[in-house]
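First the structure, in the form of structure tokens, and then the observations on it.
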Amino acid sequence: MSVLIFVDQSEGHIKKSSFEVLSYGAKLAEQIGATAEAVALGTINDEQLSALGKYGVKKVHHINNEILNHVDAQVYAKAIADTATNTGATVIVISHNQTGKAIAGRVSARLKAGLVAGAIALPETSNGFTVKKTVFSGKAYANITITSPIKIISLNPNSFHVIEGEGIAEVIAVTAAIDTPKVKVTAVNKISGEVPLTEADIVVSGGRGLKGPENWGIILDLAKVLGAATACSRPVGDAHWRPHHEHVGQTGIQIAPNLYIAVGISGAIQHLAGVNRSKVIVVINKDPEAPFFKAADYGIVGDAFDILPQMTAEIKKLKGIA
Amino acid sequence: MKILVCVSKAPDTTSKIAFKDGNTKFEDNGVQWIINPYDEWYSLVRAIELKEKEPATIIHLVTVGTADAEPIIRKALALGGDEAIRVNTDNSDSYYTAAQIAEVAKQGAYDLVFTGKETIDYNGSSVGAMVAELMDIPYISLATKFDVAGTVATVSREIEGGEEVAEVPLPLVVSCQKGVAEQRIPNMRGIMAARTKPLKVVEPATVETLTSVSSYELPPAKAGVKLVAADNVAELVRLLHEEAKAF
Ligand SMILES: Cc1cc2nc3c(=O)[nH]c(=O)nc-3n(C[C@H](O)[C@H](O)[C@H](O)COP(=O)(O)OP(=O)(O)OC[C@H]3O[C@@H](n4cnc5c(N)ncnc54)[C@H](O)[C@@H]3O)c2cc1C
């Protein structure tokens with residue numbers, strides 16, 4: 001019996017979300033008395049793969065085929081499902097990141113294996129197999145029982161801490177027939193040099209209170225000293241003050257960083273839906289009645305144009321940056 | 001070209017979330033139902049835009065749901081679409097729902113199946129992928145642009161830290177999100193026309209469910225905000241560093 005964990009990579013680098021699912025899968029394997037194994041697709045060097053042992057996996061099944069360097073949902077789902085079948089996996093763990101959203105449903109339908117998409121905790125396995133997930137855009141949780149023999153969990157990014165120990169995994173080179181993808185990728189446009197929003201530990205976010213795109217310097221400065229990604233509310237994205245991909249909320253990206261700093265954002269329920277899983281929320285708003293304060297852990301009632309430069313300066317002092 | 005647009009009903013985004021029957025069911029008393037925003041704003045509107053460019057395009061809507069989903073599907077028909085199909089059953093499990101949609105999609109020989117990127121109540125983001133797998137056709141997740149010329153679609157989709165542009169032969173399943181379409185509101189003429197558009201009710205195929213909801217819970221209430229005076233920014237930074245250990 002094994003738990004099979006999907007290792008997501010980009011250009012040969014294993015993603016941070018994979019370390020989370022590996023840690024989660026290894027803990028789950030321990031809990032149900034199974035071995036933790038991983039499956040990796042595409043070109044990745046062996047050192048990186050054997051090093052995954054430190055997250056608790058014993059074996060890494062590696063299909064080293066360059067067709068797999070692009071995520072094709074159809075081809076990936078088959079490769080993962082076949083590996084699960086060949087290794088006798090009873091649980092499959094995938095990150096609920098962009099890649100996971102492309103493939104988890106396909107693997108589920110292919111194996112007729114029940115899927116809990118967006119899990120936030122280890123399953124309850126004393127009586128059945130029940131997994132907690134967020135529903136209603138973070139406003140509630142549901143405990144979902146999987147009734148099929150094979151179970152699939154896709155784990156929300158930033159909801160399980162990475163556990164690093166010692167260990168080296170055995171890397172098993174798997175030869176498998178890989179279909180030619182029907183999807184022909186013609187371009188990949190990376191937003192270079194920035195921390196991807198969904199992977200960021202800290203996010204500094206600005207709203208309409210900043211008055212205009214020319215004022216974003218104070219947000220970028222604060223983000224820079226914190227090594228944070230930047231985000232924005234929907235009207236800011238709609239007005240093109242900031243790029244669309246920074247829009248968080250119900251209709252934008254959902255994030256769960258350790259620290260979310262909301263500046264000049266009122267805290268509408270649709271905005272909160274995208275950020276309410278953040279561990280610590282800080283609100284800077286000049287209106288003491290702003291609804292965001294109800295969802296915040298820390299706050300300052302004040303003018304962002306005053307407060308932010310001071311915050312940046314104080315953090316620099318603390319970090320010893322000149 | 002024939003497009004099938006999947007439409008789900010969802011509680012209005014400002015609804016109070018509460019549960020009943022020992023926390024096993026959503027308390028829908030007093031809840032306003034809307035078309036799931038991703039289905040309405042992106043997949044349905046994109047289908048309508050494609051039909052405006054290519055008037056021979058046929059748009060069918062499908063919803064998996066009991067009779068109380070009809071007002072929602074009528075509202076969707078008011079925006080556009082030629083006819084609607086309701087699969088008369090509860091949509092309790094995403095695999096079950098996907099299998100019903102795949103059944104309708106296979107019978108209708110559609111070139112395109114559009115879904116929203118997720119429903120705002122279950123947040124699974126998985127039905128589209130399941131439909132594609134059950135039909136053994138390509139799936140484009142989280143599409144931000146979609147166009148079609150002849151039998152080939154050109155799409156952009158969100159990937160971590162960027163986007164990917166690709167060409168895909170029809171038929172395919174696409175999950176739509178922001179960027180795919182312009183926003184629009186139904187006009188009076190559309191609302192009148194929707195009354196006479198056909199709404200077919202079909203009985204569900206026999207499909208097993210793979211999951212079930214055991215219970216719901218609400219997150220623990222926040223302890224309350226700790227406010228720091230505006231002239232004491234250093235104290236906020238200290239709290240974040242020492243107490244919250246947030247950086
Ligand atoms: C179906 C639906 C989906 C939606 N989805 C989203 C979504 O995904 N994401 C999203 O963000 N919104 C979404 N919205 C919109 C949402 O309802 C709000 O309108 C939006 O979040 C408000 O953005 P804001 O807080 O930036 O602007 P505002 O509400 O205008 O708030 C600006 C805030 O800035 C403060 N302020 C002004 N000047 C200063 C200053 N100098 N210093 C400090 N504070 C200042 C004000 O007190 C105010 O609280 C959605 C709406 C609907 C109906």
Side-chain angles (χ1 to χ4, degrees), chain A residues 10 73-74 77 97-98 101-102 104-106 108-110 114-115 117-118 130 134-137 139-148 182-191 196 198 202 226 244 250-251 258-259 269-270 280 293 295-302 307 310-311 314-315 318, chain B residues 11 13-14 17 37-38 94-95 98 120-130 132-134 138-142 158-169 178-179 209-219 222 225-230 233-234 236-237 239-241 244 246-247:
Chain A
S10 168
Q74 202 167 11
N97 63 359
Q98 286 89 340
K101 287 174 185 172
R106 290 201 82 121
S108 164
R110 195 171 179 92
L115 164 67
T130 302
T134 49
V135 287
F136 298 102
S137 307
K139 286 175 247 166
Y141 304 120
N143 295 300
I144 310 279
T145 300
I146 307 181
T147 47
S148 54
K182 290 190 193 129
V183 178
K184 202 174 99 203
V185 177
T186 52
V188 175
N189 306 321
K190 289 262 173 184
I191 308 147
T198 45
I202 305 178
L226 286 169
H244 268 315
Q250 180 107 61
T251 45
N258 275 324
L259 175 60
I269 194 157
Q270 296 92 355
V280 178
F293 284 117
D297 300 288
Y298 299 93
I300 291 186
V301 179
I307 310 288
Q310 292 186 55
M311 262 184 97
E314 289 296 334
I315 293 164
L318 197 89
Chain B
T13 51
T14 54
I17 304 301
Y38 295 104
S94 35
Y95 175 77
I120 60 168
D121 48 3
Y122 188 74
N123 309 118
S125 212
S126 47
V127 167
M130 291 177 177
E133 187 64 28
L134 292 167
Y139 174 56
I140 296 299
S141 54
L142 309 177
E158 179 190 322
I159 57 172
E160 215 156 54
E163 61 162 25
E164 185 178 271
V165 187
E167 287 171 1
V168 197
K178 195 182 172 78
T209 59
L210 306 176
T211 63
S212 66
V213 175
S214 297
S215 63
Y216 290 102
E217 48 190 271
L218 291 169
K222 284 254 178 196
V225 58
K226 219 179 233 187
L227 285 178
V228 177
V233 177
L236 175 68
V237 170
L239 284 170
L240 291 179
H241 184 62
F247 69 92

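Letters go in sequence order (proteins before strands), and every chain restarts at 1. Quick note: numbers below take in every heavy atom, side chains included, and nothing from hydrogens, waters or symmetry partners.
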Report summary line: Interface check, chain B: of A:Ile144, A:Asn258, A:Ile269, most non-hydrogen pairs under 4.5 Å belong to A:Ile144
Can you measure from [atom1] ([X]) to [atom2] ([Y]) and round to the nearest 0.5 angstrom?
{"X": "B:Ile159", "Y": "A:Asn189", "atom1": "CD1", "atom2": "CG", "result": "8.5 Å"}
{"X": "B:Glu164", "Y": "A:Lys190", "atom1": "CD", "atom2": "NZ", "result": "9.0 Å"}
{"X": "A:Lys101", "Y": "B:Tyr139", "atom1": "NZ", "atom2": "OH", "result": "10.0 Å"}
{"X": "B:Ile120", "Y": "A:Lys139", "atom1": "CD1", "atom2": "NZ", "result": "6.5 Å"}
{"X": "A:Tyr141", "Y": "B:Leu218", "atom1": "OH", "atom2": "CG", "result": "9.5 Å"}
{"X": "B:Phe247", "Y": "A:Leu259", "atom1": "CZ", "atom2": "CG", "result": "8.0 Å"}

Closer than 3.5 angstrom, by distance alone: can the side chain of [X] be matched with the main-chain N or O of [Y] as a donor-acceptor pair?
{"X": "A:Thr147", "Y": "B:Leu210", "answer": "yes"}
{"X": "A:Asp297", "Y": "B:Lys226", "answer": "no"}
{"X": "A:Thr186", "Y": "B:Val165", "answer": "yes"}

Report task. Determine whether A:Thr198 and B:Glu158 make a side-chain contact, defined as any pair of heavy atoms from C-beta on separated by less than 4.5 Å. Result -> no
**Report entry** Side chains of B:Lys178 and A:Thr251 in contact at under 4.5 Å (non-hydrogen atoms)
**Finding:** no
**Report entry** Distance-only polar pair, side chains of B:Thr13 and A:Gln270, donor-acceptor under 3.5 Å
**Finding:** yes
Query raised in the report: Side chain, backbone, both or neither: which part of B:Leu239 has a heavy atom under 4.5 Å from chain A?
Result: both
Query raised in the report: At their closest point, which heavy atom of B:Pro138 faces which heavy atom of A:Val183, and how far apart are they?
Result: CB-CG2, 4.1 Å
